[in-house]
Amino acid sequence: MQDDADGAELRAGVQGDLQRLQRLGPDLRVLGGAVEQVHGVDDERLHDVGLLHRLVEGSDFLVGVDPRLPGPRGLVEDLDRPAAALFPSGHGVRRAARGGDVGADQHRMVIMRVRFPPSPTGALHIGNARTALYNWLLARGSGGQLVLRIEDTDRERSTPENVDLIFESLEWLGIDYDEGPIYQSQNAERHAGVVQQLLDEGKAYRTTAGPDVVKAYKEANDNRGFRGQEESEGAIRLRMPDEGVTVVNDIIRGETAFENVLLDDLVIARADGTPVYHLAVVVDDSDAQITHVVRGADHYSNTPKHLRIYDALGATPPTYAHLPLLHGTDGKKLSKRHGAASVSDLRNSGYLREAVVNYLALLGWGYDDKTEFFTVEELQRNFSLERVSKNPAVFDELKLRHMNGRYVRELSVEDLTARLEEFTGREGLKPAVEITQEKISTLAEFWPLAGSFYDGPSDDPKAREKFLEPPESRTALEQVRAALDGLPEPWSASSVEEALRVVPEALGMKPKAVYQPLRVTLTGTTVSPGIFDTVALLGREETLKRVGRSLEA
RNA sequence: GCCCCCAUGGUGUAGCGGUUAGCACGCAGGCCUUUCACGCCUGUAGCACGGGUUCGAUUCCCGUUGGGGGUACCA
């Protein structure tokens, strides 16, 4: 049971949601009775109520709560089309009687079913990764389901290696799915059946008209959409209406009407009968009972076509949400030319999955005016399509790097060590991790800083020349050797510091004039962890050996 | 060409008629300091333009410009 304060707050939240829903349109009706009954139910129930309301905001159907059923559930009341069609029978969703009947036995939960359909023509790009992430967050945040579908109909470019790469990237990101992977190529028969059906119904026809014919037609007809003549062979086109508009209702972008006259009769299958993408997505999404299609904005203009196909099929289309595209720093559409463009690249560059997920979530979505660090759980809880931005975003690796640094520093030494050992393929890294954690932003920055502990000093001629050649450097090193020689083991950063602190003073030199030569002697470079940490980690034997070697050179 | 979308500093965003336009990255300077980082402080820089609507527009409407997407027997 919630305590009173929490309960009251939640009731207020639900009321607010309903009020907002009511403002969406005059046709909306709220199942008012259900709200009153929310009060007094258990924690889990209340939580689900919040999720359900979040789910429907911006959609064209309404969910209420029936407190009489156990577990999470919603009531569906249609607005301008039957709820039963919104959620095909397989979902078990039944239409609530108009007027807000909340009869217990006829209502079941609304489940948000989303999908991620990558085409395995390459590694998982960050744009697609973000799309996958958003869909996943939506599913996980609403108690819904995510379907993974591999769109491998492009036999030329699709490879098993790429499929594996995609699985690997999704797994690395922590994105799991509830159904699939479904391979689109395996639905070929179904697609062919649908095409044949449309042909039989006269909704589609064959024509040999190609791009040139279409272009000529449009030029001759004031840019009206191409309408062909039926032939006995050729590609199969779906007839488009000559009047009216096809309205795309997008959660992120609102409503847009496309004039049907301007739509070309759409090619749904090639001359050899194989379906094209537009036909395949619609059939597959429809068959999978997808309720929300959340995809890149590059598909926005394709949506009216998809809607026409749904119409021809007599199927109810899903709710759409088109995400802003991702651009490179040059303002152009993101591609391989923009450096680390795939998830694999980011991983190999030493970024942590947490940082990548967090950063990706922020590319096109913002929570408020100051919060930008989110755990996965927080993202699931707070992410919503209503707050997704409309404008394209530019992937900024510097910001990712910054975030990654913050995540690196928040990791426990053990955790970071494990990740670094996996990343570098080396073992026994913990001591070095302890003294480098605060200095690195990515896993890749570790080895340049710590490699000399394991593989000996690196070779940097410039550093050598600058800090080891001068006579006073030798003097300093000799003093250092003397000071360290008498230091009893075991060495610690503090005991080393105590022993070394006096050296600059004794020689009347600046600390830097003493420590830099020592640093270069021990590590080979001018950049390393703290000098006392470095000496302590190396230990007496190795330190004196390296100093001795340097002095004898 | 035609259709559609978008528009807050260099970048990602907050804002949803009245704010000194907030936050973060970056950049500049400073502090800290044995190097490099981290951290902290300060600063830099923005509502694309022009018309409306309004007592009042970053916010609403129209246009222009700019950017993007679609326009394939690709996905």
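Throughout, a chain's letter reflects where its sequence line sits, starting with A, and its residues are numbered from 1.
- Mapped onto RNA chain B by nearest heavy atom, A:H299 and A:E259 fall at different nucleotides, with A:E259 at the one closer to the 5' end.
- Among the heavy atoms of the strands lying under 4.0 Å from A:A271 is at least one base atom, whether or not backbone atoms are also near.
- The interatomic distance linking A:N358 (CG) with B:C25 (C1') rounds to 13 Å, in whole Å.
- No engagement by A:Y367 is indicated, since no non-hydrogen atom pair under 4.0 Å with the nucleic acid exists.
- For B:C2, the base has no donor-acceptor partner in the side chain of A:K218 [N/O atoms by modelled type, under 3.5 angstrom].
- The residue A:G364 sits close only to the backbone: its heavy atoms come under 4.0 Å of sugar-phosphate atoms, none of a base.
- Within the 4.0 angstrom heavy-atom criterion, no nucleotide atom of any strand lies near A:P324.
- A:T436 comes within 4.0 angstrom of nothing in the nucleic acid, heavy atoms only.
- Among the heavy atoms of the strands lying under 4.0 Å from A:H278 is at least one base atom, whether or not backbone atoms are also near.
- Aromatic pair A:Y359/A:F395: ring centres closer than 6.0 Å.
- Aromatic pair A:Y134/A:F116: centroids not less than 6.0 angstrom apart.
- Of the side-chain N and O atoms in A:R224, none sit less than 4.0 angstrom from OP1 or OP2 of B:G1.
- Here A:T526 does not reach the OP1 or OP2 of B:C36: none of its side-chain N or O atoms lies under 4.0 Å away.
- When Watson-Crick and G-U wobble pairs are counted only if both distances are under 3.5 Å, B:U19 pairs with no nucleotide at all.
- Pairing partner, B:U53: none, since no Watson-Crick or wobble contact has both distances short of 3.5 Å.
- Here B:U71 presents its P atom at 15 Å from CG of A:L262, a figure rounded to the nearest Å.
- Looking at heavy-atom distances under 4.0 Å, A:K305 makes contact with sugar-phosphate atoms alone, never a base.
- The list of side chain to side chain donor-acceptor pair (under 3.5 Å) pairs with a residue in residues 213-224 of chain A, not counting sequence neighbours, reads A:K218-A:D264.
- In this entry B:G1 has B:U71 as its Watson-Crick or G-U wobble partner, both defining distances falling under 3.5 Å.
- Atom P of nucleotide B:A72 and atom CD1 of A:I236 are separated by 18 Å, given to the nearest angstrom.
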What's touching nucleotides 20-24 of chain B from the protein side, N or O pairs under 3.5 Å?
from: B:G22; atom 1: N2; to: A:D369; atom 2: O; distance (Å): 3.1
from: B:C23; atom 1: O4'; to: A:D369; atom 2: O; distance (Å): 3.1
from: B:A24; atom 1: O2'; to: A:E372; atom 2: OE1; distance (Å): 3.2
from: B:A24; atom 1: O2'; to: A:E372; atom 2: OE2; distance (Å): 2.7
from: B:A24; atom 1: O2'; to: A:K399; atom 2: NZ; distance (Å): 3.0
from: B:A24; atom 1: N3; to: A:K399; atom 2: NZ; distance (Å): 3.1

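- When rounded to the nearest whole Å, the span between NZ of A:K462 and P of B:U35 equals 20 Å.
- Judged by Watson-Crick or G-U wobble contacts below 3.5 Å, the nucleotide B:C36 has no partner.
- Considering only side-chain N and O atoms, A:R409 lies under 4.0 angstrom from the phosphate OP1 or OP2 of B:G39.
- Per the geometry, CZ belonging to A:R295 stands 12 Å off P belonging to B:G70, to the nearest Å.
- Note: CZ (A:R237) to P (B:U71) measures 13 Å, nearest angstrom.
- Counting non-hydrogen atoms under 4.0 angstrom, A:R253 reaches the backbone sugars and phosphates but no base.
- Remark: C1' of B:U33 and NZ of A:K510 are 13 Å apart, rounded to the nearest angstrom.
- Taking the P atoms as reference points, B:A57 lies 23 Å from B:U64, given to the whole Å.
- Residue contacts shown for A:E151 are limited to sugar-phosphate atoms, with no base heavy atom under 4.0 Å away.
- For the residue pair A:S185/A:D152, the side-chain donor-acceptor check at 3.5 Å is satisfied.
- With B:C73, B:G68, B:G70 as the candidates, the nucleotide lying closest to the side chain of A:L325 is B:G68.
- The pairing partner recorded for B:U65 is B:A7, the criterion being a Watson-Crick or G-U wobble arrangement whose two distances lie under 3.5 angstrom.
- Pairing partner, B:G43: B:C27, with both Watson-Crick or wobble hydrogen-bond distances short of 3.5 Å.
- In this structure, the side chains of A:L518 and A:L477 come closer than 4.5 Å at one or more pairs of heavy atoms.
- Within 4.0 Å of A:T208, counting heavy atoms only, lies at least one base atom of the nucleic acid.
- Residue-level contact check: A:S119 touches the backbone only, with heavy atoms under 4.0 Å from sugar-phosphate atoms and none from bases.
- Rounded to a whole Å, the CG atom of A:D152 is 14 Å from the C1' atom of B:C74.
- The phosphate of B:A75 (OP1 or OP2) has no side-chain N or O of A:N302 nearer than 4.0 angstrom.
- Put simply, A:S389 has a side-chain N or O that comes within less than 4.0 Å of OP1 or OP2 on B:U13.
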